[in-house]
Number of protein chains: 2
Amino acid sequence: MTTLRDVARHAGVSIGSVSTVINNTAPVSPTLRAKVLLAIEELGYVPDAVARSLKMGRTRTIGLILPDITNPHFAAIASAIEIACDAAGYSLLLCNTMDNPTKELRDLRLMRTQRVDGVILVPGAGDADYVGELKRAVSVPVVLIDRTLPGFDFDAVVLDNRAASHGLVDYFVRSGHRRIGIVIGPPAISIAEERLGGYLQGLADHGIDVEPAYIARGSFQPEPDYHATARLLALRQRPTAILSTSNHTTIGVMKALLDKGFRCPNDISVAGIDDFVWATAFSPKMTVMAQPITDMGRLAAQRLFGRISGTIDGPAEVLVSAPALLVRESTRPLVD
Amino acid sequence: MTTLRDVARHAGVSIGSVSTVINNTAPVSPTLRAKVLLAIEELGYVPDAVARSLKMGRTRTIGLILPDITNPHFAAIASAIEIACDAAGYSLLLCNTMDNPTKELRDLRLMRTQRVDGVILVPGAGDADYVGELKRAVSVPVVLIDRTLPGFDFDAVVLDNRAASHGLVDYFVRSGHRRIGIVIGPPAISIAEERLGGYLQGLADHGIDVEPAYIARGSFQPEPDYHATARLLALRQRPTAILSTSNHTTIGVMKALLDKGFRCPNDISVAGIDDFVWATAFSPKMTVMAQPITDMGRLAAQRLFGRISGTIDGPAEVLVSAPALLVRESTRPLVD
DNA sequence: TGCCAATCCTGAAACCTTTCAGAGAAAATC
DNA sequence: GATTTTCTCTGAAAGGTTTCAGGATTGGCA
């Protein structure tokens, strides 16, 4: 590796001058600049970000911790954040927790030792240890995205989850449905409770009694949610409509319908939260509440950069995005 | 931030001793160890990876450069690599090129300034500049995955792409199809040519003449491949089977069928390369050649770690994985 | 008791950069 | 022409760690 020292020697100038030229940190004579630039070119010098980080006390790197990069929802978030990082001159350290709290703790610790300048986090369900570590990780700005963490005042970028499921219930009821099931994730995850809350509120607003059996607990994962859906379908008095509360859930729901021999929307209407590329590629095209996920990712990154630079310094804010209903072909009016 | 110096002072020992205890790099007395551990605990000391990297000359970080994290295929690769990194004590720097050569160059340069210990790369279509930069990036081990780069002897982990499309052609022909179309990506990407090659070979092996109009150039992207498919469907003499050469391509193909009013498999059979979670959630369940993608990601990471540590030091190897045919419901025998 | 070997531990150098006080030269002012 | 100001550039310190030559202490042996 060639260093500043090599460049300086080769150009016949001091190390400090080379640094000055590279970073444009003070006026220099054209001669000096030319000599240095030439030397850099000839030696193929590339600055060492490690040494720079050590000296400067910041790494120009942020950490992204999410549950499952394999889920297109989180992949879209990652993509948006990566674009923002590129534009702002940040590098991106990626960690995938697989929804494993132990791994998440390890990742948080990794962020500390790596001295990232900030963290964007999709928090899992946190116990006491977790909460402690997260608090300590707070030496650096943290922005939550997608999910929140009760009791922590971090900036957060989230969907209006209650509105999302409430809107879907509204739509179902307007279409004549009253027996509406829901497949929902674990209570420890904030969005599960919020989406369930919107569903309950929606039913209440329309004067529909809650049928406990219509609330099927899954895990926001295709497999468990497949089984949760199967329970719904096995009911003596089946729902006529199912609210699927995430894209991975939708995979489980649709798979269950297919396997159990139900046609959608003829036998049962299904609407989901989250849009995805393949939603319109197969039968039926899915009716969904879409999240402005790219915007949300960008927003989270910009928020974090603002905190890091000090441009943003008020109290923590929760930025809430509105979902948009896309009516397609997995739902139909109930006529009987 | 508390430093080694702080810990040393607090424990009443030397800096070197603290380092020794932390890294278990030499025998120390139980007393010393206890004092140091206690001090670390009390001060909440976390080692500084930046300083460590500077001193050691390695960062224990690898870079992953891929075209589109939003594509579940690459997301699966990323996930597998992340798991391998976690197990081996490496951090993962993620870059997303969006199939943009300029961005890819920038990412490569970023890897150099960040002093990553190695790079796993899904190369795009490279021009001269690109090739030069890549050559320079070679100061550090590079492992290619998914795609190769002609003329570079890097380790690579790839699918047997010819076998994948050849196998699909075989399957179609066995099912009675002879008018077989293909939707393929741009020629500059290695896998496109290989998959096209397997298709041509397959036809040849069965004594079927190549119909140029049946070869539809797309981009391995839903949108362009939708239009490529539409061209196939507009043919006077339509193919009875379509070979879709990537998962994103499959989205375009199926969408086009749906929009143009063709039923699959009744009107046209479709088989794709790449399996994906939602392949079995909708109608029709897709017949595909599945890649052992998780294995491939792990393999690439292990290969890279081996190169970095020097455990592996022979000439570059291309590790070829075999695809597996999963017959589902998007294909059917041709009876007429 | 005296000496040597073995065992622990210390302290400073080095990794590559940024930053800044100040040296030296040129330009400006009286 | 002497003095001050301005403009460039230099050189060294500092950032937190690892490493290693050597110092200090202990134990063993004659």
Side-chain angles (χ1 to χ4, degrees), chain A residues 1-40 43-61 89 91 110 112-117 139-140, chain B residues 1-40 43-61 89 91 110 112-117 139-140:
Chain A
M1 265 306 96
T2 91
T3 71
L4 263 196
R5 179 200 209 76
D6 301 322
V7 175
R9 187 159 25 216
H10 192 262
V13 302
S14 78
I15 294 183
S17 298
V18 179
S19 175
T20 306
V21 169
I22 290 177
N23 302 302
N24 259 308
T25 174
V28 295
S29 72
T31 344
L32 210 215
R33 177 183 307 281
K35 276 192 294 186
V36 169
L37 259 25
L38 181 66
I40 288 176
L43 298 179
Y45 169 77
V46 174
D48 185 329
V50 174
R52 180 168 230 276
S53 294
L54 176 61
K55 180 63 194 174
M56 309 270 281
R58 57 185 175 68
T59 53
R60 278 257 144 192
T61 295
S91 303
L110 181 68
R112 303 211 325 133
T113 84
Q114 293 286 22
R115 298 294 195 261
V116 297
D117 292 343
S139 60
V140 102
Chain B
M1 262 310 94
T2 90
T3 70
L4 262 196
R5 179 200 208 75
D6 301 322
V7 174
R9 187 160 25 214
H10 192 261
V13 303
S14 78
I15 293 183
S17 298
V18 179
S19 175
T20 307
V21 169
I22 291 177
N23 302 302
N24 259 309
T25 173
V28 295
S29 72
T31 343
L32 212 218
R33 177 183 308 282
K35 277 193 292 186
V36 170
L37 260 23
L38 181 65
I40 288 177
L43 297 179
Y45 169 78
V46 175
D48 185 328
V50 175
R52 180 168 230 275
S53 295
L54 177 61
K55 181 62 194 175
M56 308 271 281
R58 54 185 177 72
T59 53
R60 278 257 142 192
T61 296
S91 302
L110 181 68
R112 304 215 319 136
T113 84
Q114 293 286 22
R115 299 294 196 262
V116 297
D117 293 344
S139 60
V140 100

_Is the shortest side-chain heavy-atom distance between B:Val18 and B:Tyr45 below 4.5 Å?_
no
*Which atom names give the shortest non-hydrogen contact between B:Arg112 and B:Ser139, and what distance separates them?*
NH1-OG, 4.3 Å
*Going by heavy atoms in the side chains, are A:Asp48 and A:Thr3 under 4.5 Å from each other?*
no
*Gap between atoms CG and C1', on B:Asp48 and D:dT18 respectively (whole Å)*: 13 Å
*asked:* Under 4.0 Å from OP1 or OP2 of D:dC9: is there any side-chain N or O of A:Ser29 that close?
replied: yes
Tabulate protein N/O versus nucleotide N/O from nucleotides 18-21 of chain C, keeping only pairs under 3.5 Å, one per line.
from	atom 1	to	atom 2	distance (Å)
C:dT18	OP1	A:Asn23	ND2	3.1
C:dT18	OP1	A:Arg52	NE	2.9
C:dT18	OP1	A:Arg52	NH2	3.3
C:dT18	OP2	A:Ser19	OG	2.7
C:dT18	OP2	A:Asn23	ND2	3.3

Below 3.5 Å is the cut-off: list the nitrogen or oxygen pairs between protein and nucleotides 4-7 of chain D, distance only.
none

_Check: B:Thr59 side chain, B:Arg115 main-chain N or O, donor-acceptor pair, under 3.5 Å_ = yes
_Please classify the nucleic acid contact of A:Val13 as base, sugar-phosphate, or nothing, using heavy-atom distances under 4.0 Å._
sugar-phosphate
*asked:* Expressed as a whole number of angstroms, how long is the span from B:Asp6:CG to D:dG16:P?
replied: 8 Å
*asked:* Rounded to whole Å, how long is the line connecting atom CZ of A:Arg115 with atom C1' of D:dG15?
replied: 12 Å
*For the pair made of CZ in B:Arg5 and P in C:dT10, what is the distance, rounded to whole Å?*
15 Å
*If you fit an axis to the five pairs at each end of the helix from C:dT1-D:dA30 to C:dC30-D:dG1, how big is the angle between those two axes, to 10 degrees?*
60°
*Are B:Ser14 and C:dT10 close enough that a side-chain N or O sits under 4.0 Å from OP1 or OP2?*
yes
*Assess the side chains of B:Thr61 and B:Gln114: does a donor N or O sit below 3.5 Å from an acceptor N or O?*
no
*asked:* On DNA chain C, compare the nucleotides closest to B:Ala51 and B:Val28; which residue's is nearer the 5' end?
replied: B:Val28
_Sub-4.5 Å side-chain heavy-atom contact between A:Ile22 and A:Ile40_ = yes
*Can you find a pair of side-chain heavy atoms, one from B:Val28 and one from B:Ser17, that are under 4.5 Å apart?*
no
*Report yes if the side chains of B:Arg60 and A:Thr113 come closer than 4.5 Å at any heavy-atom pair, otherwise no.*
no
_d(CE, B:Met1; P, D:dT17) in whole Å_ = 10 Å
